[in-house]
Enquirer: 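Handing you a structure now.
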Amino acid sequence: MPMSVKVAIAGCTGYAGGELLRLLLQHPDVEIGALTAKSSAGSPLIQHHQHLTALVDRVVADTTPENLAGHDVVFLALPHGASAEVAAWLGDDTLVIDAGADFRLEDSEQWRQFYGSDHAGTWPYGLPELPGQRATLAGATRVSVPGCYPTTVTLALLPALTAGLIEGHDVVVVAASGPSGAGKSLKTNLLGSELMGSASAYGVGGGHRHVPELLQNFRRLGAVQPTVSFTPVLVPMSRGILATCTAPIRSGVSSEAIRAAYVAAFAEEPFVQLLPEGLWPQTQSVLGSNQVHVQVSLDEAAGRLVVVAALDNLTKGTAGGAVQCMNLALGLPETSALNLIGVAP
């Protein structure tokens with residue numbers, strides 16, 4: 001008989017919660033259970049996610065221990081700092097997958113510096129493409145999904161770091177993203193009248209909260225004392241990330257060796273596509289999919305590796321990555337409910 005997994009989502013009314021529901025509605029092994037939130041409790045779900053007509057009769061419940069009890073999987077799509085309390089209600093017999101930042105970092109001092117509160121701890125990191133990480137996620141009962149920028153940049157530089165093409169020093173990243181990555185909370189810089197026809201940098205000068213996560217991932221991939229200059233750019237598209245990553249290339253490394261390393265690293269990866277030479281990633285091509293599109297080149301004059309990667313920040317960057325981790329943790333096919341084909345234009 002087919003496996004039936006009962007799933008709850010805490011924080012179902014936000015963008016991440018809505019994307020989780022869009023994907024889970026297509027999952028052959030999932031039964032959607034409690035859908036909860038705090039301020040939106042009692043409202044119709046369709047009021048928050050008009051595209052989810054299959055759930056037109058559902059009402060948002062309050063996020064309480066009673067409402068989340070009795071589920072096989074609970075996804076936490078909550079603001080940063082809110083997941084630890086909810087996770088504490090759930091036993092080890094429940095798979096808890098946090099789409100927020102609470103359990104991503106290993107260094108408690110870095111957490112306090114960038115988030116300004118006590119560190120809740122560290123869970124297995126939900127980026128399956130990291131070396132050995134699928135084995136770590138298999139059977140896990142707690143998983144912390146990466147940030148959308150770290151997912152993009154880590155996968156862009158993974159082959160270069162694991163093959164020793166770069167040392168991880170002087171990495172420079174400029175990444176453009178739409179406002180959905182900031183959630184639904186009302187902020188002046190996210191208003192349509194502020195976004196349309198404009199692009200603006202933010203979190204400049206090492207202040208973005210994803211910096212310590214990026215450095216943590218670089219160390220996992222073999223970098224010693226890595227550094228990164230990360231500049232995110234807000235652009236007028238609702239979803240998607242396009243990251244341009246550069247780093248000094250080791251002496252004597254040829255463009256052929258670079259290409260070979262990327263081909264080898266991604267050959268068996270279902271969700272990472274190295275594009276044919278001459279084609280460069282574009283956000284529209286990964287829209288709604290769990291794919292990451294990557295292209296790599298050598299800037300010989302500057303002596304730098306150049307990698308461009310694109311993904312949908314709400315799918316592979318958040319909810320799709322979370323469903324991918326659920327599949328691995330429960331022993332389900334990794335690609336279940338996850339589209340490999342984007343929507344373009």
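The basis for the numbers below is simple: all heavy atoms, side chains too, and nothing from hydrogens, waters or symmetry mates.
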Enquirer: Looking at Tyr15, I'd like to know if the NZ or CZ of Arg239 sits under 6.0 Å from its six-membered ring centre while staying within 45 degrees of the ring's axis.
Expert: no

Enquirer: Ignoring hydrogens, what is the shortest heavy-atom contact between Ala261 and Pro159? Give both atom names and the distance.
Expert: O-CB, 3.9 Å

Enquirer: May I ask you to test the Ile258-Ile249 pair for a side-chain heavy-atom distance under 4.5 Å?
Expert: yes

Enquirer: Between Gln110 and Val211, is there a side-chain heavy-atom distance shorter than 4.5 Å?
Expert: no

Enquirer: Are any side-chain N or O atoms of His27 and backbone N or O atoms of Asp29, one a donor and one an acceptor, separated by less than 3.5 Å?
Expert: yes

Enquirer: If we ignore angles and hydrogens, is there a donor and acceptor under 3.5 Å between the side chains of Gln291 and His293?
Expert: yes

Enquirer: Quick one: pull up CG in Asp57 and CD1 in Ile46 and give me the separation to the nearest 0.5 Å.
Expert: 9.5 Å

Enquirer: Between Glu129 and Lys316, is the closest basic N to carboxylate O distance under 4.0 Å?
Expert: yes

Enquirer: What is the minimum heavy-atom distance between Cys245 and Leu157, and which atoms define it?
Expert: CB-CD2, 4.1 Å

Enquirer: Between atom CG of Leu95 and atom SG of Cys325, what is the distance when rounded to the nearest 0.5 Å?
Expert: 9.0 Å

Enquirer: Could you check Asn339 against Gln26 for side chain to side chain contact (heavy atoms under 4.5 Å, CB included), going step by step and ending with a plain yes or no?
Expert: CA-CA 10 Å; Asn339 200 341; Gln26 305 169 70; 5.9 Å; no

Enquirer: Distance from Leu158 atom CG to Leu221 atom CG, nearest 0.5 Å?
Expert: 4.5 Å

Enquirer: With rounding to the nearest 0.5 Å, note down the distance linking CG in Asn327 to OG1 in Thr335.
Expert: 7.5 Å

Enquirer: Parallel, tilted or perpendicular for His49 and His51, by the 30°/60° rule?
Expert: perpendicular

Enquirer: The test is side chain to side chain contact (heavy atoms under 4.5 Å, CB included); show your working for Thr122 and Trp111 and say whether it passes.
Expert: CA-CA 11 Å; Thr122 307; Trp111 172 269; over 6 Å; no

Enquirer: Does any N or O in the side chain of Thr227 come within less than 3.5 Å of the main-chain N or O of Asp170, such that one atom is a donor and the other an acceptor?
Expert: yes

Enquirer: If hydrophobic clusters are built from ILVMFWY residues whose side chains come within less than 4.5 Å, do Leu338 and Leu287 share one?
Expert: no

Enquirer: Determine whether a donor-acceptor pair (N or O, by modelled atom type, separation under 3.5 Å) exists between the side chain of Glu213 and the backbone of Gly147.
Expert: yes

Enquirer: So do Lys6 and Val73 actually touch side chain to side chain, heavy atoms under 4.5 Å?
Expert: no

Enquirer: Can you name the side chain to side chain contact (heavy atoms under 4.5 Å, CB included) partners of Ala37, sequence neighbours left out?
Expert: Thr13, Ser40, Val60

Enquirer: Measure across Ser255 and Leu298 and return the closest heavy-atom pair with its distance rounded to 0.1 Å.
Expert: N-CD2, 3.9 Å

Enquirer: Starting from Val174 and following side-chain heavy-atom contacts under 4.5 Å between hydrophobic residues (I, L, V, M, F, W, Y), which residues can be reached?
Expert: Val233, Val235, Met237

Enquirer: Is there a donor in the side chain of Ser177 and an acceptor in the side chain of Asn313, or the other way round, less than 3.5 Å apart?
Expert: no

Enquirer: In this structure, would Leu311 and Tyr125 fall into the same cluster of hydrophobic residues linked by side-chain contacts under 4.5 Å?
Expert: yes

Enquirer: Are the side chain of Arg104 and the backbone of Gly100 linked by a donor-acceptor contact shorter than 3.5 Å?
Expert: yes

Enquirer: Using the rule that two of Ile, Leu, Val, Met, Phe, Trp, Tyr join whenever any of their side-chain heavy atoms come within less than 4.5 Å, decide whether Ile341 and Val286 are in one cluster.
Expert: no

Enquirer: Take Val296 and Leu305, measure what side chain to side chain contact (heavy atoms under 4.5 Å, CB included) needs, and give me the verdict at the end.
Expert: CA-CA 7 Å; Val296 62; Leu305 178 82; 3.5 Å; yes

Enquirer: Given Ile9 and Leu24, is the side chain to side chain contact (heavy atoms under 4.5 Å, CB included) satisfied, shown in steps?
Expert: CA-CA 10 Å; Ile9 298 176; Leu24 292 171; 4.0 Å; yes

Enquirer: Evaluate the side-chain proximity of Val308 to Val294: yes if any heavy-atom separation is below 4.5 Å, no if none is.
Expert: no

Enquirer: Any donor-acceptor pair under 3.5 Å linking the side chain of His169 with the backbone of Val224?
Expert: yes

Enquirer: Show the atom names and distances, to 0.1 Å, of all donor-acceptor pairs under 3.5 Å that link a side chain in residues 268-284 to residues at least two apart or in another chain.
Expert:
unit_1, atom_1, unit_2, atom_2, d
Glu269, OE1, Arg134, NH2, 2.7
Glu269, OE2, Arg134, NH1, 3.2
Gln282, NE2, Ser285, OG, 2.9

Enquirer: Does any non-hydrogen side-chain atom of Val59 lie less than 4.5 Å from one of Leu45?
Expert: no

Enquirer: Hey, could you give me the NE2/CG distance between His80 and Asp98, rounded to the nearest 0.5 Å?
Expert: 9.0 Å

Enquirer: Do Ser43 and His48 pair up side chain to side chain, a donor and an acceptor below 3.5 Å, judged on atom types alone?
Expert: yes

Enquirer: Check whether any side-chain N or O of Thr64 sits under 3.5 Å from a backbone N or O of Asn67 as a donor-acceptor pair, and report yes or no.
Expert: yes

Enquirer: Do Leu25 and Val5 belong to the same hydrophobic cluster, where Ile, Leu, Val, Met, Phe, Trp and Tyr are linked whenever their side-chain heavy atoms lie under 4.5 Å apart, directly or via other members?
Expert: yes

Enquirer: Between Ile166 and Ala247, which heavy-atom pair has the shortest distance, and what is it?
Expert: CD1-CB, 3.8 Å

Enquirer: Which heavy atom in Thr162 sits nearest to a heavy atom in Pro131, and how many Å separate them?
Expert: CG2-CG, 4.2 Å

Enquirer: Any sub-3.5 Å donor-acceptor pair from His119's side-chain atoms to Gly121's backbone N or O?
Expert: yes

Enquirer: If hydrophobic residues (ILVMFWY) are linked whenever their side-chain heavy atoms come closer than 4.5 Å, directly or via other members, who joins Leu78 in its cluster?
Expert: Leu68, Val74, Leu76, Val86, Trp89, Leu90, Val96, Phe103, Trp123

Enquirer: So, for Leu127 and Pro146, which heavy atoms are closest and what is the spacing to 0.1 Å?
Expert: CB-CG, 3.8 Å

Enquirer: With a 4.5 Å limit on heavy-atom distance, are the side chains of Met326 and Val30 in contact?
Expert: yes

Enquirer: May I ask you to test the Leu52-Leu21 pair for a side-chain heavy-atom distance under 4.5 Å?
Expert: yes

Enquirer: Using the test side chain to side chain contact (heavy atoms under 4.5 Å, CB included), find all partners of Ser254 that sit at least two apart in sequence or belong to another chain.
Expert: Glu256, Ala257

Enquirer: Is there a chain of hydrophobic side chains (I, L, V, M, F, W, Y, each step under 4.5 Å between heavy atoms) that links Tyr262 to Val253?
Expert: yes

Enquirer: Do side-chain atoms of Tyr149 reach the backbone of Ile241 as a donor and acceptor pair under 3.5 angstrom?
Expert: no

Enquirer: Please report the interatomic distance OG(Ser198) to CG(Leu234), rounded to the nearest 0.5 Å.
Expert: 8.0 Å

Enquirer: How about Phe114 and His210: are their ring centres within less than 6.0 Å of each other?
Expert: no

Enquirer: Check whether any side-chain heavy atom of Thr318 lies under 4.5 Å from a side-chain heavy atom of Glu19, and answer yes or no.
Expert: no

Enquirer: Has Arg304 got a side-chain atom pairing as donor or acceptor with Thr246's backbone, closer than 3.5 angstrom?
Expert: yes

Enquirer: Counting distance only, does the side-chain N/O of Gln216 pair as donor-acceptor with the main-chain N or O of Glu106 below 3.5 Å?
Expert: yes

Enquirer: Excluding sequence neighbours, so at least two apart, what forms side chain to side chain contact (heavy atoms under 4.5 Å, CB included) with Ala322?
Expert: Leu20, Phe75, Ile97, Val145

